[in-house]
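Throughout, a chain's letter reflects where its sequence line sits, starting with A, and its residues are numbered from 1.
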There are 2 protein chains.
Amino acid sequence: MWAELADVGRNPATGGYRRFAWTRADHDLREWFTAAAVSRGLDVTVDRCGNQWAWWGEPDTVPGVVTGSHLDSVPDGGAFDGPLGVVSAFAAVDALRDKGFMPARPLGVVNFCDEEGARFGIACAGSRLLTGALAPERALALSDVDGVTMAGALATAGRSTDIGRDEQALRRVATFVELHVEQGRGLVELDAPVAVASAIWPHGRYRAELPGQANHAGTTRLEDRVDPTLAYARLILAARRSAQTHGAVATCGKVRFAPNGVNAIPSLVTAWVDVRAPAGDDARAVIAELAALSEQAGGTFTEESLTGATTFDTELRRRLAAALGEPPVLATGAGHDAGILAAAGFPAGMLFVRNPTGVSHSPAEFAERDDCLAGVTALAAVLADLTRTPE
Amino acid sequence: MWAELADVGRNPATGGYRRFAWTRADHDLREWFTAAAVSRGLDVTVDRCGNQWAWWGEPDTVPGVVTGSHLDSVPDGGAFDGPLGVVSAFAAVDALRDKGFMPARPLGVVNFCDEEGARFGIACAGSRLLTGALAPERALALSDVDGVTMAGALATAGRSTDIGRDEQALRRVATFVELHVEQGRGLVELDAPVAVASAIWPHGRYRAELPGQANHAGTTRLEDRVDPTLAYARLILAARRSAQTHGAVATCGKVRFAPNGVNAIPSLVTAWVDVRAPAGDDARAVIAELAALSEQAGGTFTEESLTGATTFDTELRRRLAAALGEPPVLATGAGHDAGILAAAGFPAGMLFVRNPTGVSHSPAEFAERDDCLAGVTALAAVLADLTRTPE
């Protein structure tokens, strides 16, 4: 399965992946998902929001146990973030069948769309729309860097724009378990291949708009300039300093200058800031400092998304840990669809697979083959445990 | 004529122009130039580098007096920077003919291509190639933000890539006078509609490449990050501080983050810096400080173009001033094709037309109609003076 995905949406210049929602690469990945499900005799359904579900068993009578992840990527992302969870889900189904296991309740594999939010700026858009955490009218109006709205992108992809909370799809889900490559070096330090997740840090994405006055780079005196790059530079440095102070992380990974000409003072700098911390108060302190700085510079600091701390279901965590012989337990600064489902009241949990470098969202992201196989074995064990009885 | 150009390459969202070399907008402007020349019975030629020339008279027997400017723009530039000089040139020809004036030597109107360097990063590319100041092989290898090389762009535009110094085109030029909207408030303070240029400041364009390590914005500890945005922020602030110290101007108007994702630490920040000063030593001091900072951050600081101070021909300046009744004389921080020709040894000069706000390289760039007409009258007077006798 891994080889089938290796070339989809790959940027030959960097080796990284550019698999953005509702693009050609995304389409090809969705086709792959359907083919993988059909070849296993699973029933494929697509919910109102475009998330793909493959069912072993009939989830409209008894709600099922679902596993899976996402197939999209950040710009020049790695091969594992997302796809490892979907591929491992199908591989776990294969492993259970090879052993002759018959689940006593339905078992589902899901591909959540637009998890990274790389195109429209909101992470976990597919699961947020599904659970109603993201308003459809807000989502449809989001636009990508080329000015294409999500509504336009859905239409181009041949999808309905009648998106939103899907009660039928949600009724089918009793429990969700997501397997994911670890995005730090926790398992390297613990010398273990697989962990169970305890919690997801609170996470905010903000957009600073810092206005300037477009003018000529050669003829405008320094004292006559309204140059927003100065405020932008101060924002970058303040984000790092404030994150250090509050035990948080803050990243200014994306920016847009207008007009972005060598010989023109920008009329507008739009800067995105990603803030996370183990505790919500710390994240809020960083956000407040950066908002104040943006406003002092005559700009704005707008929330694009804010997700509170997510603690995964205690009973499910206990059961996952027991099924796996008490592996390490880790919290993470990364958001996941499992966190969205947990916030919506579903018992949800996660397994992490060791990442030898800790690098993620990069072409260098990696997991050893043996660790991936250990992940599949662990996921199969967990799914067998959760589907052994009808409840 | 002004109305014919108003909509070409205009961005409806900002009202600014995006007229980049060898694009569709550029093609349409070149077609307009040819039509304006042909409708006046001028002979149109195009030199090896794509610069367009319209001749009144036969410049292969006696070299002529040339006026004109460029039609391309910076991203979201104004309507005047460039086109005012070309439109005024044709208008001055009309004014001379209306008076029954017959030049005793050839009179040419030129449209220099790719003056702003907005697409390939080198300003005055058309005149630099024409005079041999820019090596053809270097120019052809330059690439735009989409990775299209100048060679590719020329081929797409149906142009030969056999570019370079054009002796025949240069032999036809005895003198060059460029009319341009002023890009500061000098004439506002002097309360005059037109000035003669004295000199162009030295001007360098540099590209800083600041490497980082792409990684996840949520899971990478601050102490594990190699985040190039911090060095970039320090570069922006150092550019302003150093320019203040040395009486220069420095602008960080253009940047590219890779991968430019909200939740990814960039693997590379590419930043462009534009530095100018009244004196070359001051510009060099700023450049040295920024190069040192980039190198301390593990990056590079590469010259894209460097033009020394240009002092316009003293005798021509005297003659222009006399023909116009001794108007104000101004130096400028902006580069122009007239400066390239002056540096190549041609008698060259410039006229500036008042800009009420001083704003340039912006949709707000403006000149009053009466001042534009005063510019045409001044240009016609200068051209009449320079072509009254065969020498």
Side-chain angles (χ1 to χ4, degrees), chain A residues 14 16 74-77 116-118 121 123 182-184 201 203 205 213-222 224 227 229-230 232-234 236-237 240 243-244 249 251-255 257-267 272 274 276 332-335 358-364, chain B residues 14 16 74-77 116-118 121 123 182-184 201 203 205 213-222 224 227 229-230 232-234 236-237 240 243-244 249 251-255 257-267 272 274 276 332-335 358-364:
Chain A
T14 62
V74 295
D76 289 315
E116 297 289 4
E182 198 201 340
Q183 296 173 290
W201 292 5
H203 174 203
R205 281 190 185 182
Q213 184 178 22
N215 215 331
H216 191 289
T219 57
T220 315
R221 295 181 301 181
L222 295 180
D224 292 338
D227 184 344
T229 66
L230 301 174
Y232 176 51
R234 289 191 288 266
I236 291 171
L237 297 175
R240 167 58 67 102
Q244 273 169 335
V249 291
T251 309
C252 301
K254 180 176 176 179
V255 72
F257 279 19
N260 206 30
V262 189
N263 52 358
I265 298 161
S267 58
W272 283 263
D274 179 301
R276 317 188 200 204
T332 177
V359 171
S360 182
H361 284 190
S362 154
Chain B
T14 62
V74 295
D76 288 316
E116 298 289 4
E182 199 201 338
Q183 296 172 290
W201 292 5
H203 174 203
R205 281 190 186 182
Q213 185 179 21
N215 214 331
H216 191 289
T219 57
T220 315
R221 295 180 301 182
L222 295 180
D224 292 338
D227 183 344
T229 67
L230 300 175
Y232 177 50
R234 288 192 287 267
I236 292 171
L237 297 175
R240 167 59 67 103
Q244 273 169 335
V249 292
T251 309
C252 301
K254 180 176 177 179
V255 73
F257 279 21
N260 206 29
V262 189
N263 51 358
I265 298 162
S267 58
W272 283 262
D274 179 300
R276 315 187 201 203
T332 178
V359 171
S360 183
H361 284 191
S362 153

Best-contacting candidate, [options], against chain A by heavy atom pairs under 4.5 angstrom:
| options | answer |
| --- | --- |
| B:Ser362, B:Gly358, B:Gly253 | B:Gly253 |
| B:Ala334, B:Pro266, B:Gly184, B:Ala118 | B:Ala334 |
| B:Ile265, B:Thr332, B:Thr229, B:Val255 | B:Val255 |
| B:Thr14, B:Asp274, B:Asn215 | B:Asn215 |
| B:Gly121, B:Cys252, B:Ala217 | B:Ala217 |

Could you check which of [options] has the highest count of heavy-atom pairs closer than 4.5 Å to chain B?
| options | value |
| --- | --- |
| A:Asn263, A:Asp227, A:Leu230, A:Ile236 | A:Asn263 |
| A:Ala233, A:Ser360, A:Gly333 | A:Ser360 |
| A:Val359, A:Asp76, A:Asn260 | A:Asn260 |

Calculate, to the nearest 0.5 Å, the distance between atoms [atom1] and [atom2] belonging to [X] and [Y] respectively.
| X | Y | atom1 | atom2 | result |
| --- | --- | --- | --- | --- |
| B:Lys254 | B:Arg205 | NZ | CZ | 8.5 Å |
| B:His361 | B:Gln183 | NE2 | CD | 5.0 Å |
| A:Thr251 | B:His216 | OG1 | NE2 | 9.5 Å |

What part of [X] gets closer than 4.5 Å to chain B, counting heavy atoms only: side chain, backbone, both or neither?
| X | answer |
| --- | --- |
| A:Gln213 | side chain |
| A:Val74 | side chain |
| A:Ala264 | both |

Under 4.5 Å from any heavy atom of chain A - which part of B:Ser267: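 When you check distances to chain A, no heavy atom of B:Ser267 falls under 4.5 Å.
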